[in-house]
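The residues of the chain are indexed from 1 along the displayed sequence. Read the numbers this way: they start at 1 and go in the same order the structure lists the ligands and their atoms.
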Amino acid sequence: MYPTRAYLFAHPAKHSLSPTMHNTALEHLGIAAQYEAKDVAPQDLQANLEALRTSGAWGVNLSIPHKETVLEFLDSITPEARAIGAVNTIVVKHNKLKGLNTDAPGFMQSLREAGLTEFADLEVVILGAGGAARGIVYALQQAEARVQIHNRTWKRAEVLATDFDAQALTDSDLRQAIKNCDLLVNTTSVGLENPNETPTIFLPKQGWVCDIVYKPLETKLLRDARATGLHSIDGLGMLVHQGALALEHWIGQPAPIEIMRSAAMKKLGY
Ligand code: ATR
């Protein structure tokens with residue numbers, strides 16, 4: 001058994017695709033190390049982070065429910081992760097813990113590889129205002145897209161829009177805003193594990209629809225989009241790229257992206 005050099009801290013942790021993706025990548029690269037998912041309850045997060053300092057580990061990925069609460073336990077945080085308010089990757093160096101966010105650049109990578117490369121003045125509607133939406137709104141704003149946010153709970157959309165100088169959409173504005181946008185992004189969990197559920201029945205007249213859900217890969221939203229001739233982007237790209245970027249920070253060399261993608265697809269049953 002190789003020594004564990006990287007972890008996922010999550011609660012629950014057992015359904016994650018990250019161990020498969022990272023271990024397949026490490027094996028492919030001939031690096032004698034392994035990545036392990038660890039179920040860490042909220043009250044145990046700090047102790048687990050402290051133990052990392054001298055453990056010889058390269059770092060950790062964080063998932064639900066730790067991405068926001070972890071900030072106070074770190075020695076440094078990149079400006080991007082600070083602005084987003086969430087850390088999904090920690091790098092351990094000289095016994096210090098540095099927090100990064102690879103979800104936001106991973107999301108942008110997934111759009112680019114699908115062929116969406118111009119963001120200045122792109123009209124975007126985001127569905128949802130949770131943790132995942134924050135990184136996505138930040139990344140799109142940085143790329144100079146024009147972002148509007150709709151959420152089931154209006155107050156959360158309003159808070160997120162205010163934080164990032166974006167626009168919050170009311171229920172009655174949603175139809176028109178989606179029709180006229182160039183890119184619609186679902187960041188809600190609607191459609192997760194349910195192929196008949198969609199977060200909205202409205203679709204853009206032209207352009208792109210992205211769903212960050214990857215289980216199933218083709219959600220109803222993406223099926224509807226494809227049926228009307230729109231470009232669609234599923235959630236696997238974001239998953240793979242956030243993982244690849246984290247791995248690159250840890251090992252200091254390019255991650256085998258296609259190997260990681262195939263490993264994740266296989267685990268998903270495709
Ligand atoms: P994450 O970190 O994955 O974004 P989250 O912070 O719990 O998770 O946010 C989940 C998002 O999905 C929220 O925008 C949530 O809407 P509310 O703020 O109104 O709760 C949205 N969501 C979850 N289930 C939903 C549903 N059935 N219909 C509409 N929106 C839903």
A.B. asks: Only one of Lys93, Lys98, Arg53 forms a salt bridge (charged side-chain N to carboxylate O under 4.0 Å, His left out) with Asp75, so which one is it?
C.D. replies: Arg53

A.B. asks: Which heavy atom of Leu45 sits nearest to which heavy atom of Thr69, and what is that distance?
C.D. replies: CD2-OG1, 4.0 Å

A.B. asks: Just one of Lys205, Arg146, Lys179 clears the salt bridge (charged side-chain N to carboxylate O under 4.0 Å, His left out) bar with Glu123, so which one?
C.D. replies: Arg146

A.B. asks: So which heavy atom on Ser232 is nearest to which on Leu222, and how close?
C.D. replies: CB-CD2, 3.8 Å

A.B. asks: Would you tell me which option among Pro65, Gly130, Gly135, Ala86 has the nearest heavy-atom contact to atom 5 (P) of ligand 1?
C.D. replies: Gly130

A.B. asks: Under 4.0 Å from ligand 1, counting heavy atoms only, is it the side chain of Asn151, its backbone, both or neither?
C.D. replies: side chain

A.B. asks: For atom 25 (C) of ligand 1, is there a protein heavy atom at a distance under 4.0 Å?
C.D. replies: yes

A.B. asks: Taking non-hydrogen atoms only, is Ser189 closer than 4.0 angstrom to ligand 1 via side chain, backbone, both or neither?
C.D. replies: both

A.B. asks: Which heavy atom of Gly130 sits nearest a heavy atom of Arg156, and at what distance?
C.D. replies: CA-NH2, 3.5 Å

A.B. asks: Taking atom CD of Gln141 as the centre, does the number of heavy atoms from other residues, nucleotides or ligands within less than 6.0 Å exceed 12?
C.D. replies: yes

A.B. asks: Is atom 7 (O) of ligand 1 in close reach of the protein, with a heavy atom under 4.0 Å away?
C.D. replies: no

A.B. asks: Which option wins on minimum heavy-atom distance to atom 22 (N) of ligand 1: Glu68, Lys67, Lys155, Arg152?
C.D. replies: Arg152

A.B. asks: Of the protein's non-hydrogen atoms, which lies at the shortest distance from atom 28 (N) of ligand 1, and what is that distance?
C.D. replies: Val190 CG2, 3.5 Å

A.B. asks: Taking atom types as modelled and ignoring hydrogens, do the side chains of Ser18 and Asn61 form a donor-acceptor contact shorter than 3.5 angstrom?
C.D. replies: no

A.B. asks: Backbone or side chain, does any N or O of Ala132 fall under 3.5 Å from an N or O of ligand 1?
C.D. replies: yes

A.B. asks: What about Gly128: any of its N or O atoms under 3.5 Å from an N or O on ligand 1?
C.D. replies: no

A.B. asks: Is the number of heavy atoms from other residues, nucleotides or ligands under 6.0 Å of Glu50 CD greater than 12?
C.D. replies: yes

A.B. asks: Does atom CD of Gln206 have more than 12 heavy-atom neighbours, drawn from other residues, nucleotides or ligands, at distances under 6.0 Å?
C.D. replies: no

A.B. asks: What residue and heavy atom of the protein are closest to atom 19 (O) of ligand 1, and at what distance?
C.D. replies: Thr153 OG1, 2.4 Å

A.B. asks: Purely on distance, is any nitrogen or oxygen of Thr188 under 3.5 Å from one on ligand 1?
C.D. replies: no

A.B. asks: Any N or O of Gly131 that comes nearer than 3.5 Å to an N or O of ligand 1?
C.D. replies: yes

A.B. asks: Near Arg156, which atoms of ligand 1 are under 4.0 Å from a heavy atom of that residue?
C.D. replies: 6 (O), 9 (O), 13 (C), 17 (P), 18 (O), 20 (O)

